Amino acid sequence: MVSDEKINVWNELYKIPDPEIPMLTIGELGVLRKVENHDGTWYVYITPTYSGCPAMHMFEEEIKRVMETHRWIPFEIKTIYHPAWTTDWLSEEAKEKLRKAGIAPPEGSASKKALLGEPDEVTCPKCGKKDTKKISEFGSTACKALYFCNNCKDPFEYFKCL
């Protein structure tokens, strides 16, 4: 049955971790969009978190590895850009995983405000206070910024609201 097999393919691909944010999977991030089977060929649709995301190549390599390991062949990986990915696609479970890892999850919804670099009100993932300030526009990855909490005096990363 293609539908049962489709669920199996989806579930296995969903578990592929993000190499830059390993506590999240491509399914939780919303990068994995859909899986289809047409005339015996599997089609896996993914969307980059932003153009130039360095993890996209690794996502594709992991998808290939999983598809070949389970002999779900032939297959094609299709990158789709519309609609564009936003942090609104992160599940609440994914945001909680970020918080537990000491990374402040995106707050609010994606908007032009975030794109124009206006200050965000960011909650410290360690103490829960909003008395924070941005130290750097970029953290360990381009999708994160570095913040400092004036309450607990700890630095932390913020997953930008994009």
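Since the structure is predicted, the reported quantities are computational estimates derived from the model, not experimental observations.
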J.: Answer yes or no: is there a side-chain heavy-atom contact under 4.5 Å between K133 and N150?
T.: yes
J.: Would you confirm whether T41, through its side chain, and P74, through its main-chain N or O, come within 3.5 Å as a donor-acceptor pair?
T.: no
J.: Is Y45 reachable from I16 through a run of hydrophobic residues whose side-chain heavy atoms are each under 4.5 Å from the next?
T.: no
J.: Mark yes when over 12 heavy atoms from residues, nucleotides or ligands other than H57 sit less than 6.0 Å from its NE2; otherwise mark no.
T.: no
J.: Check the pair E28, D18 against side-chain contact (heavy atoms from CB on, under 4.5 Å), reporting the backbone distance first and the verdict last.
T.: CA-CA 10 Å; E28 292 168 327; D18 181 316; over 6 Å; no
J.: So which atom in G30 and which in W89 form the shortest heavy-atom distance, rounded to 0.1 Å?
T.: O-CE3, 3.4 Å
J.: Identify the heavy atoms of K95 and T87 that sit nearest to each other, and give their distance.
T.: CE-O, 4.4 Å
J.: Could you go through the side-chain contact (heavy atoms from CB on, under 4.5 Å) check for T123 and R99 one step at a time?
T.: CA-CA 10 Å; T123 304; R99 193 175 293 107; over 6 Å; no
J.: Does F138 sit in a hydrophobic cluster with other residues, and if so which ones, taking ILVMFWY side chains as linked at heavy-atom separations under 4.5 Å, directly or through other members?
T.: none
J.: Less than 4.5 Å apart, side chain to side chain, heavy atoms only: is that true for E62 and I26?
T.: no
J.: What's the separation between atom CG in L29 and atom CD in E20, rounded to the nearest 0.5 Å?
T.: 10.0 Å
J.: Would one find more than 12 heavy atoms of other residues, nucleotides or ligands at under 6.0 Å from atom NZ of K129?
T.: no
J.: Give the intermediate values and the outcome of side-chain contact (heavy atoms from CB on, under 4.5 Å) for residues V44 and L32.
T.: CA-CA 8 Å; V44 178; L32 179 64; 3.8 Å; yes
J.: How close do N151 and C127 get, counting heavy atoms only, and between which atoms?
T.: ND2-SG, 3.4 Å
J.: Give, for atom NZ of K130 and atom CD of E121, the distance between the pair rounded to the nearest 0.5 Å.
T.: 4.5 Å
J.: How close do A104 and F156 get, counting heavy atoms only, and between which atoms?
T.: CB-CE1, 3.7 Å
J.: Using a 4.5 Å cut-off on heavy atoms from C-beta on, say whether the side chain of P48 contacts that of T79.
T.: yes
J.: Ignoring hydrogens and geometry, is there a side-chain-to-backbone donor-acceptor pair from K64 to F75 under 3.5 Å?
T.: no
J.: Restricting to side-chain hydrogen bond (donor to acceptor under 3.5 Å, both in side chains), what partner residues turn up for K144, sequence neighbours left out?
T.: S140, E157
J.: Do I103 and I135 share a hydrophobic cluster, counting only Ile, Leu, Val, Met, Phe, Trp and Tyr and linking them when any side-chain heavy atoms are less than 4.5 Å apart?
T.: no
J.: Mind checking what makes ring pair (Phe, Tyr, Trp, His ring centres under 6.0 Å) contact with F159, not counting sequence neighbours?
T.: none
J.: Would you check if C143 and T49 make a side-chain contact, meaning some heavy-atom pair closer than 4.5 Å?
T.: no
J.: Membership question, hydrophobic clusters at under 4.5 Å side-chain separation (ILVMFWY): are I77 and V31 in the same one?
T.: yes
J.: Between K153 and F148, which heavy-atom pair has the shortest distance, and what is it?
T.: O-CE1, 3.4 Å
J.: What's the spacing between R33 CZ and W10 CH2 if we round to 0.5 Å?
T.: 9.0 Å
J.: Spell out, yes or no, whether M56 and I21 are grouped together once hydrophobic residues are joined by side-chain heavy atoms under 4.5 Å, including indirect joins.
T.: yes
J.: Considering all heavy atoms of both residues, which atom of I73 and which atom of W42 are nearest to each other, and what is their separation?
T.: N-CD1, 4.3 Å
J.: Is it the case that the side chain of T47 and the backbone of I80 share a donor-acceptor pair, with hydrogens and angles ignored and the cut-off at 3.5 Å?
T.: yes
J.: Working to the nearest 0.5 angstrom, can you tell me the gap between E12 CD and R65 CZ?
T.: 9.0 Å
J.: Taking atom types as modelled, find out whether Y158 and E107 have a side-chain donor-acceptor pair closer than 3.5 angstrom.
T.: no
J.: Do V35 and Y14 sit in one hydrophobic cluster, given that two such residues count as connected whenever their side-chain heavy atoms are within less than 4.5 Å of each other, even indirectly?
T.: yes
J.: Roughly how far, to the nearest 0.5 Å, is the CD atom of E96 from the CG atom of L90?
T.: 13.0 Å
J.: Mark yes or no for whether K15, through its side chain, and G27, through its backbone, hold a donor-acceptor pair below 3.5 Å.
T.: no
J.: Apply the test side-chain contact (heavy atoms from CB on, under 4.5 Å) to residues M67 and V9: give CA-CA distance (whole Å), side-chain angles for both, the deciding distance (0.1 Å), then the verdict.
T.: CA-CA 8 Å; M67 296 300 286; V9 172; 3.9 Å; yes
